[in-house]
Amino acid sequence: MGKEESGTPHWLFGDQLGPHFIDPAHGGPHRDAPLLMIESRNVLRRRRFHRAKAHLLLSAMRHRAAELGDRVRYVKADTYRQGLREAVGDARVTVHHPTSRTAHAFVRGLPSVRVLPARGFLVSHDDFEAWADGRASKQLRQEDFYRWVRRTHGLLMEGDRPAGGRWNLDHDNRQPPPRGVTELGAPAPYRPRESEIDDEVRSDLDRWSRDGDVEFVGDDAPRRFPATRREALAALRRFVEHRLATFGEHEDAVLAGDPTMSHSLLSTSLNLGLLDPAECVERAETGWRSGGVPLNSAEGFVRQIAGWREFVWHVYWYFDERYRTSNVLRHREPLPDWFTELSPDGTGANCLSHVLEQVRTTGWTHHIPRLMILGSFALQRGWDPRAVTDWFHRSFVDGYDWVMVPNVVGMSQYADGGRMTTKPYTSGGAYIDRMSDLCGPCRYDPSVRVGEDACPFTAGYWNLLHRHRDRFERNARMTRAVRGLDRLHDLDALLEQERERRADGPGAGRRR
Ligand code: FAD
Ligand code: SF4
């Protein structure tokens, strides 16, 4: 970096808060560069976010500014453009590659801003492109990418073989919840303590809401996720030392009385840039090598971060801007109000009601409720994938554009026709019944598809397969499921029932 750049200010976005975003040894700004942070009110005005999400973001930014002290100029402005003008005028600024396409286009369009490489991921854009372009098959598959990352980064490897001889331990990691328990019994996750900065954020959010300047959804509650590097490291340590060992086996299970089970709750810290993914996977590997963590748990966790998280990030950038509007299934139904309002009373389906309540109070659920309950329901009901993406983005504390677009458009709504997954992720009630304890108290029966007790997931599943039979039949992984339609003696009645449910309003499964 040139000598003149020691005085060039460096701009930190609100999701670039860890030390690796100001590290000159890794392509960051000069070590003496003054820093700039901009709190843009318009970001909150544009959409109706979960209040816990707005709180966490502002708290993390303000905590970081307090830590950086005189080195940072913290500007509160209506827009980034205004904040930048106020802080530096037309002077040169550096910034690390932002995480959304909108922010990236914005900084690239400013002649005074020099964009440094992205940080906070294991694989660079160039390396991903070389991997993707060099494949014989044009289809991008997470499993292939993950194995390549494991090899190239030497993660959980024994020589050139995967530790334990197998790349994929999903089979060991997809067990239903243990029988007869209401909790997994893992030690509780790390919980931060709020500071004066949180009080200040809360009173700002109250004032802005009162003034009608911004609108939120979801409950304001004590902050549950780390806002500082110190807190994030404590959360990582607690997870690796006390919870990682039991992460794997029941990773896909859901227990009503144990929302967090053995999940890490690290997504917010990773996405705010408080933690670097490299340190997370390295610590998990050390846990396994030192004998405290079984391989299936270490592998399951490394797969989530070095596999899924990286893959999703690169899919977001690799496909062009049109990817976000993909809608091959032509789903156009609007989301019902009870769903957008996070109102658990809007549905009689116990699983949905339970998960919505969790989202309302915390802004978080683990992967399976997102994919197999919320997302699967939206897919079966034919809700507009763009509206579903927007809903997830606004309602989840860890939601950012880069992570939501592939997870919702691709993984959960199959709106991209399989560009990043091998098949649609959806199921009937039997899967939810096997993997959770949510069906027992439900007014519906997961094994019933027609009639008063018909489970909306079971009926919705067959209805979806019928609607898209032509497309799904061409997918080798769906052929068997689609052929199952031919064995349904009551298919006509089921389709009629689902038509009526739709005519009754989009809140299928409404409480009666
Ligand atoms: P753990 O189960 O402990 O997993 C460890 C880490 O792996 C997570 O912290 C996360 O960083 C990473 N990870 C795992 N799967 C994914 C994935 N598919 N995409 C990206 N990272 C992944 N994750 C987000 O970080 N932000 C989102 O907005 C988000 N939206 C999602 C929407 C849908 C419809 C689905 C199906 C998944 C979404 N995910 C999202 C992925 C995943 O559900 C969350 O990362 C996870 O539940 C967060 O909880 P955790 O930190 O305890 O994760
Ligand atoms: Fe959900 Fe159906 Fe089970 Fe009820 S019976 S909890 S609606 S899957």
Side-chain angles (χ1 to χ4, degrees), residues 18-20 23 25-27 117-132 134-135 140-174 232-233 235-249 251-252 262-267 269-271 273-318 367 402-403 406-407 420:
H20 48 295
D23 181 359
H26 290 95
R119 298 286 294 131
F121 294 89
L122 296 167
V123 176
S124 70
H125 289 303
D126 287 349
D127 287 349
F128 182 85
E129 270 176 34
W131 170 80
R135 289 162 49 78
L140 299 181
R141 292 290 169 247
Q142 185 274 151
E143 184 69 35
D144 302 338
F145 170 73
Y146 166 65
R147 294 179 188 191
W148 174 77
V149 177
R150 289 262 306 267
R151 268 201 206 92
T152 49
H153 285 69
L155 285 172
L156 290 176
M157 296 296 291
E158 286 165 340
D160 61 357
R161 288 167 46 79
R166 280 186 297 153
W167 290 106
N168 188 323
L169 302 179
D170 276 358
H171 181 69
D172 306 350
N173 286 352
R174 293 201 167 149
L233 283 174
L236 174 60
R237 195 176 323 115
R238 177 151 184 89
F239 172 68
V240 172
E241 288 176 8
H242 301 286
R243 295 166 52 80
L244 174 59
T246 47
F247 175 83
E249 193 177 353
E251 197 186 337
D252 281 5
S262 265
H263 289 273
S264 70
L265 308 187
L266 293 175
S267 53
S269 302
L270 281 157
N271 297 352
L274 295 170
L275 292 177
D276 189 79
E279 64 192 337
C280 297
V281 292
E282 279 158 18
R283 287 194 195 198
E285 174 158 2
T286 306
W288 168 65
R289 290 201 185 275
S290 60
V293 173
L295 182 59
N296 65 310
S297 282
E299 192 280 324
F301 181 68
V302 168
R303 167 181 293 271
Q304 297 309 314
I305 293 192
W308 280 112
R309 185 173 188 272
E310 286 294 312
F311 186 64
V312 157
W313 164 251
H314 286 293
V315 161
Y316 178 77
W317 293 103
Y318 188 72
H367 190 71
W402 68 266
V403 67
N407 267 312
M420 68 166 283

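- Atom OG1 in Thr152 sits 8.0 Å away from atom CG in Asp127 (nearest 0.5 Å).
- From Asp276, atom CG reaches atom CG of Leu122 across 7.0 Å, with rounding to the nearest 0.5 Å.
- Side-chain atoms of Trp402 and Phe121, non-hydrogen and from C-beta on, do get closer than 4.5 Å to each other.
- With sequence neighbours excluded, no residue satisfies ring pair (Phe, Tyr, Trp, His ring centres under 6.0 Å) with His153.
- A salt bridge links Asp144 to Arg135: one of the charged nitrogens lies within less than 4.0 Å of a carboxylate oxygen.
- For residues 279-288, the pairs satisfying side chain to side chain donor-acceptor pair (under 3.5 Å) are Arg229-Glu279, Glu285-Arg289, with sequence neighbours left out.
- Counting heavy atoms from C-beta outward, Ser297 and Thr246 have side chains that stay 4.5 Å or more apart.
- Here Glu310 contributes atom CD and Gln304 contributes atom CD; the two are 13.0 Å apart, rounded to the nearest 0.5 Å.
- You'll find the side chain of Glu129 stays beyond 4.5 Å of the side chain of His314, heavy atoms only.
- In terms of the ring pair (Phe, Tyr, Trp, His ring centres under 6.0 Å) criterion, Trp167 has no residue partners (sequence neighbours excluded).
- The shortest heavy-atom contact between Gly164 and Leu295 is CA-CD2, 3.8 Å.
- Here the OG-CG distance, from Ser269 to Leu233, works out to 9.0 Å after rounding to the nearest 0.5 Å.
- Atoms CG and CG, from Asn173 and Asn296 in turn, are 4.5 Å apart once rounded to the nearest 0.5 Å.
- For the ring pair (Phe, Tyr, Trp, His ring centres under 6.0 Å) test, no residue two or more places apart in sequence or in another chain qualifies with His367.
- Side-chain rings of His20 and His26 stay apart, their centers remaining 6.0 Å or farther from each other.
- Arg166 contributes atom CZ, which lies 4.5 Å from atom CG of Leu169 (distance to the nearest 0.5 angstrom).
- The shortest non-hydrogen separation linking Ala118 to His125 is CB-NE2, 4.1 Å.
- Partners of Ser264 according to the side chain to side chain contact (heavy atoms under 4.5 Å, CB included) rule, which considers only residues two or more places apart in sequence or in another chain, are Phe239, Leu266, Phe301.
- Using the six-membered ring where Trp is involved, Phe145 and Trp148 have ring planes that are tilted, between 30° and 60° apart.
- Two residues are said to be in side-chain contact when any heavy atoms from C-beta on lie closer than 4.5 Å; Glu249 and Asp172 fail this criterion.
- The aromatic ring centres of Tyr146 and Phe311 sit 6.0 Å or more apart.
- Residues Ser262 and Phe247 share a closest heavy-atom pair of O-CD1, 3.2 Å.
- Counting all heavy atoms, side chain and backbone alike, Val293 lies closest to Ala298 at CG1-N, 3.9 Å.
- In Arg161, the CZ atom is not crowded: 12 or fewer heavy atoms of neighbouring residues, nucleotides or ligands sit closer than 6.0 Å.
- Residue pairs satisfying the salt bridge (charged side-chain N to carboxylate O under 4.0 Å, His left out) criterion with at least one member in residues 291-309, sequence neighbours excluded, are listed as follows: Glu143-Arg303, Arg150-Glu299, Asp170-Arg303, Glu299-Arg303.
- In terms of heavy atoms, Met420 sits closest to Arg141 at C-NH1, 3.5 Å.
- Ring geometry, Tyr316 versus Trp313: the interplanar angle falls under 30°, so the pair is classed parallel (tilted spans 30 to 60°).
- In plain terms, the two heavy atoms of Leu140 and Val315 that are nearest each other are CD1-CG2, 4.5 Å.
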### Message
What verdict does the side-chain contact (heavy atoms from CB on, under 4.5 Å) test give for Trp131 and Tyr318, after you've listed the backbone C-alpha separation in whole Å, the side-chain angles of each residue and the deciding distance to 0.1 Å?
### Response
CA-CA 11 Å; Trp131 170 80; Tyr318 188 72; over 6 Å; no
